[in-house]
Amino acid sequence: MRKGLRIALATATGAAVLAAGAAITTVTPAYAAAAIAEIKIDTTVSFIPPSGSDSIPFVVKVNSPYVGSKAPDIKAEFWKEGEATSSAGHAASVTALTDLANTTPAPTPPASPVEVKGSIPVSSSDKPTTSTGKWTLKVTVDPDGSAGPVDKTETFEVKAATRVTSANVDPDPVYLKSGKEVDVYAGFHLEKFGDEKITDVRLESKDSDDYYSLSTGLEADDSYHDSTSMDYSTSTGSWQLRISISRATKKYSFTKAFQVKKSGSSKAKSKITLYASPSKVKKGKATKLYGKVYRGSKAWSKKILKLYFKKKGTKKWKFVGYVGATSTGKYTKSVKPKYDGYWRTTAAATSLTYGSLSNIKFVDVK
């Protein structure tokens, strides 16, 4: 072979090798498959709002979500209690990742895992059938590469909404009289489904900045009773009982409207009956005190009464607690007396009604 031919052949062979090398470098490199490492739902606020709408936040940790500098498509859907996950879910919001391919030059994708934030919408109409409902969240990550989309499902609890029931202001309306104070009673029941705390209770005017602060303590059964006195200088018009409650990071207010007026209306008489069953009990056992309160000839609806006890052989009556009458004027209270003694209930006077004392019942403790 002539020298020139060998040189030409070597040159051609080298070109072929270089060309083959160039072809290898243009093959799309393999990337790690995307994987959802964790879905973390903020269960401290996973409860139904008492009114309006709110959201339950969550965070998704995704390993290797990028294909090169291409951002993945991330979607989330959820199912409420009782809904089949085989059907289409409700859309949850997810913060999209930045597509690095649109940036020049394209930066290096962030290290794994990448955190993606989202939120699940919830409203007061989403009422669980029990105090706690089971919901399901599904997150899907599509890296838009050779590997298909991946998903992960998480089941979590959604608790019932905080509720205030039986809110009552007595009397309503409040009638103010010159030179006298009027006792005004407030009561309600707090239905707790979490770590609810009462932060403020007040009677406040809706037409001015006039208000009366009340205590924030609950009875053992989560009921509330307190009272204040209004004098003749109190603003008249529309008022409301406002109850402020905190639950985790959320704050809610519940209100009950009533009226304050000035009048010289004549008062009605009141009457209370009291019974004890049984009237003889062993120490540590309960007896039921019950009866009915009247205003005039009709039931005194939702009147707050005071319960008193006097130990046998003593002269002083001791205040035991409050007991609320129903809308039909009936009331009941279970007590565990330690000593032989006498029981009675009282109804405080209002601007429209005279106060009264019940009959006295003796309970024998063996």
Side-chain angles (χ1 to χ4, degrees), residues 36-62 74-83 89-97 113-139 152-167 186-204 206 211 213-224 226 240-256:
I36 300 176
E38 180 184 15
I39 298 176
K40 188 173 183 180
I41 300 169
D42 189 352
T43 54
T44 63
V45 293
S46 60
F47 49 78
I48 306 297
S51 62
S53 59
D54 209 331
S55 63
I56 302 171
F58 63 89
V59 175
V60 183
K61 293 184 178 180
V62 186
I74 303 178
K75 295 181 180 179
E77 57 183 337
F78 66 98
W79 292 265
K80 304 173 186 178
E81 179 187 16
E83 296 179 340
H90 310 278
S93 63
V94 181
T95 303
L97 292 177
V114 176
E115 288 192 352
V116 179
K117 294 182 179 181
S119 62
I120 302 164
V122 61
S123 73
S124 57
S125 61
D126 297 323
K127 297 179 180 178
T129 56
T130 59
S131 61
T132 301
K134 296 288 187 180
W135 289 27
T136 302
L137 174 66
K138 179 181 178 181
V139 179
K152 187 176 180 65
T153 300
E154 191 78 20
T155 300
F156 61 102
E157 293 183 345
V158 177
K159 296 182 179 180
T162 299
R163 291 188 296 180
V164 169
T165 59
S166 304
F188 60 87
H189 186 268
L190 174 61
E191 294 189 14
K192 300 174 67 175
F193 296 104
D195 62 345
E196 291 94 335
K197 296 179 179 63
I198 297 178
T199 58
D200 186 65
V201 181
R202 62 177 59 191
L203 302 176
E204 60 182 19
K206 297 170 68 174
Y211 72 92
S213 291
L214 302 178
S215 65
T216 57
L218 287 174
E219 304 286 347
D221 61 353
D222 293 331
S223 65
Y224 176 93
D226 198 8
Q240 63 186 9
L241 164 64
R242 177 180 290 276
I243 307 148
S244 299
I245 297 173
S246 67
R247 182 176 180 181
T249 58
K250 307 293 184 180
K251 295 181 180 180
Y252 303 111
S253 289
F254 301 84
T255 60
K256 171 69 174 180

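Values below: every heavy atom of this structure, side chains too, minus hydrogens, waters and symmetry copies. Along the sequence shown, residues are numbered consecutively beginning with 1.
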note = Sorted by chain and residue number, the salt bridge (charged side-chain N to carboxylate O under 4.0 Å, His left out) partners of Glu77 (sequence neighbours excluded) come out as none
query = So, do Asp226 and Val201 sit near enough that their side-chain heavy atoms are less than 4.5 Å apart?
reply = no
request  = Working to the nearest 0.5 Å, report the span between CD of Glu154 and CD of Glu38.
outcome  = 8.0 Å
key: Residues which pass side chain to side chain donor-acceptor pair (under 3.5 Å) with Thr44, listed by chain and number, not counting sequence neighbours   = Asp42
key: Which atom of Ile56 lies closest to which atom of Val45, heavy atoms considered   = CG1-O, 3.9 Å
task = Write down the atom of Tyr252, the atom of Pro49, and the distance for their closest heavy-atom approach.
result = OH-CA, 4.1 Å
task = Would you mind reporting whether Arg163 and Phe193 have side-chain heavy atoms less than 4.5 Å apart?
result = yes
remark   = Residues Phe47 and Ala160: closest non-hydrogen pair is CB-O, 4.1 Å
remark   = Tightest non-hydrogen contact, residues Lys250 and Ser55, listed as NZ-O, 4.5 Å
key: Option among Glu191, Glu196, Lys192 that satisfies the side chain to side chain donor-acceptor pair (under 3.5 Å) test with Thr162   = Glu196
key: Under the ring pair (Phe, Tyr, Trp, His ring centres under 6.0 Å) test, residues paired with Phe188 that sit two or more places apart   = Tyr224
For Ile198, the option from Leu218, Val164, Leu214, Asp222 that meets side-chain contact (heavy atoms from CB on, under 4.5 Å) = Leu218
remark   = Which of Ile48, Val122, Ile120 passes side-chain contact (heavy atoms from CB on, under 4.5 Å) with Asp54? It is Val122
key: Heavy-atom check, side chain of Val114 versus side chain of Leu97, under 4.5 Å   = yes
Closest heavy-atom pair and its distance - Gly187, Leu241 = O-CD2, 4.3 Å
task = Please tell me if the side chains of Leu190 and Ile245 come closer than 4.5 Å, counting only heavy atoms from C-beta onward.
result = yes
request  = State, with a plain yes or no, whether a side-chain heavy atom of Asp126 is found less than 4.5 Å away from one of Val158.
outcome  = no
ask   = Is any side-chain heavy atom of Asp200 less than 4.5 Å from a side-chain heavy atom of Arg202?
value = yes
request  = Using the side chain to side chain contact (heavy atoms under 4.5 Å, CB included) rule, take Glu157 and Lys134 through it: C-alpha gap first, then chi angles, then the decisive distance, then the call.
outcome  = CA-CA 5 Å; Glu157 293 183 345; Lys134 296 288 187 180; 3.4 Å; yes
request  = Give a yes or no answer on whether the side chain of Ser166 reaches the backbone of His189 with a donor-acceptor pair at less than 3.5 Å.
outcome  = no
task = Please round to the nearest 0.5 Å and tell me the distance separating atom CD1 of Ile243 and atom NZ of Lys256.
result = 10.5 Å
query = At their closest point, which heavy atom of Ile39 faces which heavy atom of Lys152, and how far apart are they?
reply = CD1-O, 3.5 Å
key: Working for side-chain hydrogen bond (donor to acceptor under 3.5 Å, both in side chains), residues Ser93 and Ser119   = CA-CA 5 Å; Ser93 63; Ser119 62; 2.7 Å; yes
ask   = Below 4.5 Å, heavy atoms only, C-beta onward: do Trp135 and Glu81 meet side chain to side chain?
value = yes
NZ/Lys75: more than 12 non-hydrogen atoms of other groups inside 6.0 Å = no
message = Any heavy-atom pair between the side chains of Phe254 and Thr165 that's under 4.5 Å?
response = no
request  = Kindly determine whether Trp79 and Thr155 satisfy side chain to side chain contact (heavy atoms under 4.5 Å, CB included), including the steps that lead there.
outcome  = CA-CA 9 Å; Trp79 292 265; Thr155 300; over 6 Å; no
